[in-house]
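Counting begins at 1 with the first residue of the sequence. As a basis for the values below, the full set of heavy atoms in this structure was taken, side chains included, without hydrogen atoms, waters or symmetry mates.
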Amino acid sequence: VQLQASGGGSVQAGGSLRLSCAASGRTFSRDGMGWFRQAPGKEREFVAYISWSGGRIDYADSVKGRFTISRDNAKKMVYLQMNSLKPEDTAVYYCARRSGITTTKDYEYDYWGQGTQVTVSS
């Protein structure tokens, strides 16, 4: 499985960005997918998760109500719509494929995209 994240950029606080993650591989439609982020000097943290069917979606408390994860299995794409962005959302964002049981721990994910930078200025 190969993952390619894109869509990052620089925005002002209150703005929006939509991240995309393009996946290759036969099993994508049966894979749960997640978004994580890592700010400078901080550990990588969970942002959002979506099951293969979209029937289960989890969010970190810090992004609930502002971010929306979605997927299009036919196109092998996962998206993260980010609204009402805050300076504390500044980080490199990664998409990843879940291989384990839990959804919020990065060690439960086996394939990772290269990351896309999101910078939010105040």
[X] vs [Y] side-chain heavy atoms within contact, under 4.5 Å:
| X | Y | result |
| --- | --- | --- |
| C95 | L3 | yes |
| M77 | S20 | yes |
| S16 | Q81 | yes |

key: Counterpart residues, salt bridge (charged side-chain N to carboxylate O under 4.0 Å, His left out), relative to D106 (two or more places apart)   =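 Partners of D106 under the salt bridge (charged side-chain N to carboxylate O under 4.0 Å, His left out) test: R44.
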Salt bridge (charged side-chain N to carboxylate O under 4.0 Å, His left out) partners of D58, counting only residues at least two apart =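 Partners of D58 by the salt bridge (charged side-chain N to carboxylate O under 4.0 Å, His left out) criterion, ordered by chain and then number, come out as R56.
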Pairwise salt bridge (Lys or Arg N to Asp or Glu O under 4.0 Å) hits with a residue in [range], at least two apart:
| range | answer |
| --- | --- |
| residues 110-120 | R97-D110 |
| residues 3-15 | none |
| residues 83-95 | R37-D89, R66-D89 |

Please report the interatomic distance [atom1]([X]) to [atom2]([Y]), rounded to the nearest 0.5 Å.
| X | Y | atom1 | atom2 | result |
| --- | --- | --- | --- | --- |
| L19 | F67 | CG | CZ | 8.0 Å |
| C21 | Y93 | SG | OH | 15.0 Å |
| I50 | T103 | CD1 | OG1 | 12.0 Å |
| R71 | S53 | CZ | OG | 8.0 Å |
| M82 | R18 | CE | CZ | 11.5 Å |
| Y79 | T68 | OH | OG1 | 14.0 Å |

ask   = What are the two closest non-hydrogen atoms of S122 and A13, and how far apart are they?
value =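 Closest approach of S122 to A13: CA-CB, 4.3 Å.
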ask   = Do you know which two heavy atoms are closest between V1 and Y111, and how far apart they sit?
value =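 Distance-wise, the nearest heavy atoms are O-CD2, 3.2 Å.
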ask   = Counting only N and O atoms by type, is there a donor-acceptor contact under 3.5 Å from the side chain of Q114 to the main-chain atoms of Q4?
value =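 No: the side chain of Q114 does not pair with the backbone of Q4.
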request  = Return yes if some donor-acceptor pair links the side-chain N/O of T116 with the main-chain N/O of A5 below 3.5 Å, else return no.
outcome  =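 No.
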ask   = Same cluster or not: are I57 and V78 linked, directly or through other Ile, Leu, Val, Met, Phe, Trp or Tyr residues, by side-chain heavy atoms under 4.5 angstrom apart?
value =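 As far as the 4.5 Å side-chain criterion goes, V78 and I57 are connected within one cluster.
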key: Side-chain cluster (under 4.5 Å, hydrophobic types only) that F36 belongs to, other residues   =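 Its cluster partners, ordered by chain and number, are F46, Y49, V92, Y94, Y109, W112.
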message = Working note: Q117 + T90, criterion side-chain contact (heavy atoms from CB on, under 4.5 Å); need CA distance, chi angles, decisive distance, verdict.
response = CA-CA 8 Å; Q117 176 71 47; T90 295; 4.1 Å; yes
